[in-house]
Amino acid sequence: MKEKIGILGSGIVGQALCKGFIEKGYEVKIGSRTPEKLNEFINSLNSDKVSSGNYSETADYGDIIFFCVKGTEIENAINLADKENFSNKITVDVTNPLLFNEEGKAPTLSVSYPDSNGKKIQDLLKESKVVKAFNTIPAHYMCSPYLEEGAPTFFICGNDPESKKVIEDIAEKFGWQDIIDLGDIEQSYLLESLAMIYIIYGFNNNYWNHAFKLLRK
Ligand SMILES: NC(=O)c1ccc[n+]([C@@H]2O[C@H](COP(=O)([O-])OP(=O)(O)OC[C@H]3O[C@@H](n4cnc5c(N)ncnc54)[C@H](OP(=O)(O)O)[C@@H]3O)[C@@H](O)[C@H]2O)c1
């Protein structure tokens, strides 16, 4: 039986993952502080497997919880979702801790080495198995990793090997082939810094159809 997916955050990322999981036949609840604003989105999916809820209902629902909230609001989101709801589950941290200082300018990281959102979330949710993944990829490629110059690389880290395997299997269902495990959750700072490279390139070139590929001989 497929795991039930709880998605915390209903921005571009939350909605892209929600659509991707529904297309793969999963049952999904997507969470917002104001879930009623998602009615039109939910209706557009034309599926009886999708619903919306507040953060606490969504975290309670998910066997796997995707954490897709604004990267500077992780503590607030966890408090709204209730820590207990994450216990003994996989939490996938998709966030980047971005500070938008000036309008129209590229953001900066609000936390950096040796700290990171991934590590912070694992510290806050000691009973949960936190996996950092999907944060180095633009939302529109997360569930459909097909670019003209080839398939990009999926970077992942986290402390629990079994949980990483579960998320790698999901990534493969979405079409990811080249998956690189960078180690434990402390390595999240690398994934968040890597994301900054595609973000700064995107801002400087006003171009968002790119992703990373590790090339080998
Ligand atoms: N956009 C991308 O292509 C991309 C790619 C990789 C990673 N990421 C990362 O993924 C995360 C989501 O990105 P996004 O672009 O979808 O949208 P976003 O604007 O960064 O985040 C939107 C979500 O954050 C929630 N949020 C905002 N303030 C909050 C608060 N004070 N307390 C609790 N929740 C709050 C909102 O909840 P409500 O629904 O309640 O308003 C909304 O659902 C970010 O951390 C981003 O850096 C983005």
Side-chain angles (χ1 to χ4, degrees), residues 3 5-9 13-14 17 21 59 62-79 81-99 107-139 141-143 145 151-199 211-216:
E3 303 92 341
I5 305 296
I7 298 177
L8 296 175
V13 171
L17 287 170
F21 275 112
D63 299 317
I64 301 176
I65 301 168
F66 278 75
F67 206 77
C68 311
V69 304
K70 194 171 170 184
T72 47
E73 297 293 343
I74 54 175
E75 276 194 74
N76 197 23
I78 287 172
N79 289 336
D82 189 349
K83 277 187 189 178
E84 295 294 309
N85 286 325
F86 296 84
S87 293
N88 304 313
K89 296 179 181 176
I90 301 173
T91 301
V92 183
D93 173 27
V94 186
T95 69
N96 286 310
L98 303 183
L99 265 186
T108 54
L109 283 175
S110 64
V111 294
S112 55
Y113 178 81
D115 214 349
S116 61
N117 269 10
K119 183 175 172 309
K120 263 191 181 174
I121 292 171
Q122 183 64 84
D123 286 346
L124 288 164
L125 301 174
K126 295 218 185 313
E127 307 300 321
S128 186
K129 291 162 277 191
V130 179
V131 173
K132 182 98 197 174
F134 289 96
N135 73 303
T136 59
I137 307 153
Y141 292 128
M142 288 180 181
C143 306
T153 304
F154 186 92
F155 294 97
I156 185 168
C157 69
N159 294 342
D160 183 48
E162 278 177 33
S163 302
K164 283 191 281 195
K165 178 75 176 69
V166 170
I167 302 310
E168 287 172 13
D169 288 348
I170 286 175
E172 282 174 4
K173 284 188 192 149
F174 286 143
W176 292 92
Q177 293 168 0
D178 186 24
I179 298 177
I180 295 185
D181 179 355
L182 289 175
D184 64 26
I185 199 69
E186 308 270 329
Q187 302 292 68
S188 295
Y189 81 90
L190 287 174
L191 274 75
E192 292 168 15
S193 303
L194 192 56
M196 280 305 284
I197 297 176
Y198 99 71
I199 291 165
F212 295 110
K213 171 77 184 159
L214 189 93
L215 297 175
R216 303 169 183 83

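This structure is a prediction, so every number in the text was calculated from the model and none was measured. Excluded from the calculations below are hydrogen atoms, water molecules and symmetry mates; all remaining heavy atoms, backbone and side chain alike, are included.
- Ion pairing of Glu192 with Lys132 is present here, as a side-chain N (NZ or NE/NH1/NH2) and a carboxylate O approach within less than 4.0 Å.
- Here the options are Ile137, Ile179, Leu214, Thr136, the test is side chain to side chain contact (heavy atoms under 4.5 Å, CB included), and the partner is Thr153; only Leu214 passes.
- Between Ile197 and Phe212 the shortest side-chain heavy-atom distance falls below 4.5 Å.
- When side chains are defined from C-beta on, Cys68 counts as touching Leu17, because their heavy atoms get closer than 4.5 Å.
- At a threshold of 4.5 Å between non-hydrogen side-chain atoms, the residues Glu168 and Asp181 count as touching.
- At distances below 3.5 Å, at least one donor-acceptor pair connects side-chain atoms of Asn85 with backbone N or O atoms of Ala81.
- Counting only distance, with no hydrogens or angles, the side chain of Lys89 and the backbone of Ala59 share a donor-acceptor pair below 3.5 Å.
- Atom CG of Asp93 is separated from atom CD1 of Ile121 by 3.5 Å, given to the nearest 0.5 angstrom.
- For Asp178 (side chain) and Ala151 (main-chain N/O), no donor-acceptor pair under 3.5 Å exists by modelled atom type.
- Side-chain contact check for Cys157 versus Leu191: some heavy-atom pair is nearer than 4.5 Å.
- Using modelled atom types, no side-chain atom of Ser110 and backbone atom of Thr72 make a donor-acceptor pair closer than 3.5 Å.
- For the pair Leu109 and Leu98, the minimum side-chain heavy-atom distance is below 4.5 Å.
- A distance of 5.5 Å separates CD1 in Ile5 from CZ in Phe66, rounded to the nearest 0.5 Å.
- Gln122 contributes a side-chain N or O that, together with a main-chain N or O of Val130, makes up a donor-acceptor pair within less than 3.5 Å.
- Classification of Lys119 and Asp123 as a salt-bridged pair holds, one side-chain N sitting under 4.0 Å from a carboxylate O.
- The distance from the OH atom of Tyr113 to the CD atom of Gln187 is 9.0 Å, given to the nearest 0.5 Å.
- Residues Ser188 and Ser116 approach most closely at CB-OG, 3.2 Å, considering heavy atoms.
- Between Ile167 and Ile64 there is a side-chain heavy-atom pair separated by less than 4.5 Å.
- Contact check for Ile78 versus Phe67: side-chain heavy atoms found under the 4.5 Å cut-off.
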| said: Evaluate Glu3 against Ile90 for side-chain contact (heavy atoms from CB on, under 4.5 Å), listing each step before the verdict. | reply: CA-CA 11 Å; Glu3 303 92 341; Ile90 301 173; over 6 Å; no
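- Taking both residues in full, the closest heavy atoms of Tyr198 and Asn135 are given as CE2-O, 4.0 Å, listed atom of the first, atom of the second, then distance.
- A ring-centre distance under 6.0 Å is not found for Phe154 and Phe174.
- Residue-environment remark: CD (Glu73) exceeds the threshold of 12 foreign heavy atoms within 6.0 Å.
- Between Ala211 and Pro152, the shortest heavy-atom contact is CB-CB, 3.7 Å.
- Counting only distance, with no hydrogens or angles, the side chain of Lys164 and the backbone of Gly183 share a donor-acceptor pair below 3.5 Å.
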| request: Just do the side-chain contact (heavy atoms from CB on, under 4.5 Å) check on Leu125 and Lys83 with the steps written out, would you? | output: CA-CA 7 Å; Leu125 301 174; Lys83 277 187 189 178; 3.9 Å; yes
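- Under the 3.5 Å distance criterion, the side-chain polar atoms of Lys70 are left unmatched by any main-chain donor or acceptor of Gly9.
- There is a side-chain donor-acceptor pair under 3.5 Å between Thr91 and Ser128.
- Counting heavy atoms from C-beta on, the side chains of Val111 and Asn117 come closer than 4.5 Å.
- For the pair Trp176 (side chain) and Met142 (backbone), a donor-acceptor distance under 3.5 Å is present.
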| request: Under the salt bridge (Lys or Arg N to Asp or Glu O under 4.0 Å) rule, what do Lys165 and Asp169 come out as? Steps first, then yes or no, please. | output: CA-CA 6 Å; Lys165 178 75 176 69; Asp169 288 348; 2.7 Å; yes
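- Judged by distance alone, the side chain of Asn96 and the main-chain N or O of Ala195 form no donor-acceptor pair under 3.5 Å.
- By the 6.0 Å contact criterion, CD on Glu75 is open, its count of non-hydrogen atoms from other residues, nucleotides or ligands being 12 or less.
- Residues Tyr189 and Asp115 approach most closely at CB-O, 3.6 Å, considering heavy atoms.
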